[in-house]
Amino acid sequence: MIRRRQLALKMKGGVAIIPTAPERLRNRDAHYPYRFDSYFYYLTGFKEPEAVLVIVAASAKAPARHILFCRTKDVEREIWDGFRYGPSQARETFCFDEAYAITLLDEMLPQLLTGQSVVYSAIGHDAAWDQRIAGWINTVRAQSRSGVTAPHEISDCRVLLDEMRLIKDAYELQTMRRAAEISAQAHCFAMKATKPGKFEYEIEAELLHVFRRHGAQAPAYTSIVAGGANACILHYIDNTAQLNSGDLLLIDAGCELDGYASDITRTFPINGRFTPAQKDIYELVLAAQQAAIDKARSGNTWNDPHQAALRVLAQGFVDFGLCQGSVDAVLESEDYRRFYMHRTGHWLGMDVHDVGEYKQLGEWRMLQAGMTLTVEPGCYIRPAENVPQHFWDIGVRIEDDVLITPEGHEILTVGVPKAVREIEELMQ
Ligand code: GLY
Ligand code: MN
Ligand code: MN
């Protein structure tokens, strides 16, 4: 309710219309697991599909109205699909001013839009939804001869909501800490379960098992379990290969808990011992990550951690004969991109790649307390003529979730080790 009030205060009058996500068919009559829309859930806490939030901002004539449209109670459907709140129970439980059957949306929206100037909506997110909004506005406009005025401005509500979501409140942080903790446990469990001869999907199964066992509803994204050369495929999700002694295993996996994501990557030797070449690359990436984490504090910009990681990596690439010339030249020419081709992190929240601008007025934005982000440098070495052979097919990424605090930062994912010695000990 506080978030809905905050949004209503940021609106320049008008009406915000925010639907939850549709249910989606997977094949024939089987659905994908349902996941609510992040914006809708952020503002309502309501998890059922077929629901729409309407916020009418306060005007000189009337106070603000927070309205939910949702499915009605239906004894027959509830026998098959389970409990649904229905409007009156939903109104009470989730503190709306009014709640109505979703079937009344087409009838009521034109009334709610009459005399309003602005409609706030996530324009372009769903073409069918854009059309419906246009239809409601046209219905109002068709009555203009009777003296009513229709909205003449559509504004993207995400501009307001993204800035709100970027700074996490205490409840969100509590959920994110727990999500990070569960994911850290899953990674520890997976490390201990890894043995040469097992298959990548067996390790994926261990991760999913720990997620669910602790109440997380789902993985926040498809888990990457990539043995050996597969780690050099950035979005490898087949997870079908057998694990070889002497290779590394890269796992990028995190659970979603009550609508909030976690996102951890660890890379470790399948037989429990790093080879010298693996250790060289691993410790380089770890040093880059530490340099980046050191920069994750308010007063620095979003880009400072990335720049810090790049400098450490570029120095390492020169030292190991992967890149030639000076560190500055490697940074300038971006020659490092042959081995490190992604950025060092992203915002983290309800969505794994969470909302929020990275630049403001053309400048990297400042980090500030309450922001949550990942720090995830990597190094991916594909076989190539000018690359020393002992580094071929090594892929390493180390990823943690970090909260910016007033004092500096808090690492949410400390529960899973990353020092070489700690990893080797855990795997014994
Ligand atoms: N797992 C997605 C990412 O690391 O960005
Ligand atoms: Mn990530
Ligand atoms: Mn990740």
Side-chain angles (χ1 to χ4, degrees), residues 187 190-204 206-207 221-253 263-289 309-310 312-324 330 334-344 376-399 416-424 426-427:
H187 274 263
M191 255 183 218
K192 286 194 237 176
T194 295
K195 297 273 177 303
K198 283 197 178 181
F199 285 82
E200 290 164 344
Y201 55 77
E202 293 182 76
I203 308 305
E204 181 184 10
E206 304 290 358
L207 296 160
Y221 53 91
T222 307
S223 308
I224 296 170
V225 182
N230 292 336
C232 297
I233 304 168
L234 294 181
H235 292 160
Y236 176 82
I237 52 170
D238 281 355
N239 304 349
T240 46
Q242 198 166 18
L243 301 176
N244 300 316
S245 182
D247 282 352
L248 293 174
L249 179 60
L250 181 154
I251 298 180
D252 184 345
D263 183 5
I264 302 180
T265 307
R266 288 292 184 267
T267 311
F268 54 92
I270 287 164
N271 64 15
R273 290 264 174 241
F274 286 88
T275 66
Q278 289 168 351
K279 194 168 167 214
D280 280 347
I281 299 300
Y282 185 86
E283 294 203 309
L284 173 63
V285 174
L286 189 60
Q289 200 216 21
L310 276 186
V312 174
L313 288 173
Q315 178 71 60
F317 296 164
V318 170
D319 294 346
F320 294 145
L322 292 162
C323 290
Q324 274 67 47
V330 169
E334 300 190 356
D335 190 36
Y336 60 81
R337 290 182 64 90
R338 288 187 290 129
F339 310 108
Y340 182 46
M341 57 298 276
H342 59 77
R343 291 195 54 91
T344 303
E376 51 175 308
C379 173
Y380 315 92
I381 309 176
R382 287 169 175 266
E385 239 175 51
N386 54 353
V387 171
Q389 203 166 344
H390 53 283
F391 289 135
W392 285 10
D393 291 327
I394 292 179
V396 173
R397 179 164 62 256
I398 307 170
E399 175 174 33
V416 50
K418 58 185 174 182
V420 164
R421 221 192 42 185
E422 289 172 336
I423 289 176
E424 290 186 343
L426 184 76
M427 292 189 69

- Message: For Arg382, I'd like to know if atom CZ has over 12 heavy atoms of other residues, nucleotides or ligands within 6.0 Å.
- Response: no
- Any chance you could lay out the side chain to side chain contact (heavy atoms under 4.5 Å, CB included) test for Phe268 and Leu249, step after step, and finish with the verdict? CA-CA 5 Å; Phe268 54 92; Leu249 179 60; 3.7 Å; yes
- Distance-only side-chain donor-acceptor flag, His342 / Tyr380, under 3.5 Å: yes
- side chain to side chain contact (heavy atoms under 4.5 Å, CB included) between Asn271 and Asn244, worked out: CA-CA 8 Å; Asn271 64 15; Asn244 300 316; over 6 Å; no
- Task: Evaluate the side-chain proximity of Gln324 to Val318: yes if any heavy-atom separation is below 4.5 Å, no if none is.
- Result: no
- ring-ring contact (aromatic ring centres under 6.0 Å, His included) involving Phe274 - partner list, sequence neighbours excluded: Tyr282
- Message: Please give me the minimum heavy-atom distance between Gln289 and Ile398, naming the atom from each residue.
- Response: NE2-O, 3.5 Å
- Task: Could you please spell out the steps behind the side chain to side chain contact (heavy atoms under 4.5 Å, CB included) verdict for Glu422 and Val416?
- Result: CA-CA 9 Å; Glu422 289 172 336; Val416 50; over 6 Å; no
Which atom pairs, one a donor and one an acceptor, fall under 3.5 Å between side chains of residues 222-229 and the rest of the protein, sequence neighbours left out?
none

- Message: To the closest 0.5 Å, what do you measure between CG (Leu248) and CG (Asp393)?
- Response: 10.5 Å
- Is there side-chain contact between Arg338 and Phe317, with heavy atoms separated by less than 4.5 Å? no
- Item | Evaluation steps, side chain to side chain contact (heavy atoms under 4.5 Å, CB included), between His390 and Asp280 | CA-CA 11 Å; His390 53 283; Asp280 280 347; 6.0 Å; no
- Measure the shortest side-chain to side-chain distance between Lys195 and Leu243 over non-hydrogen atoms and say whether it is less than 4.5 angstrom. no
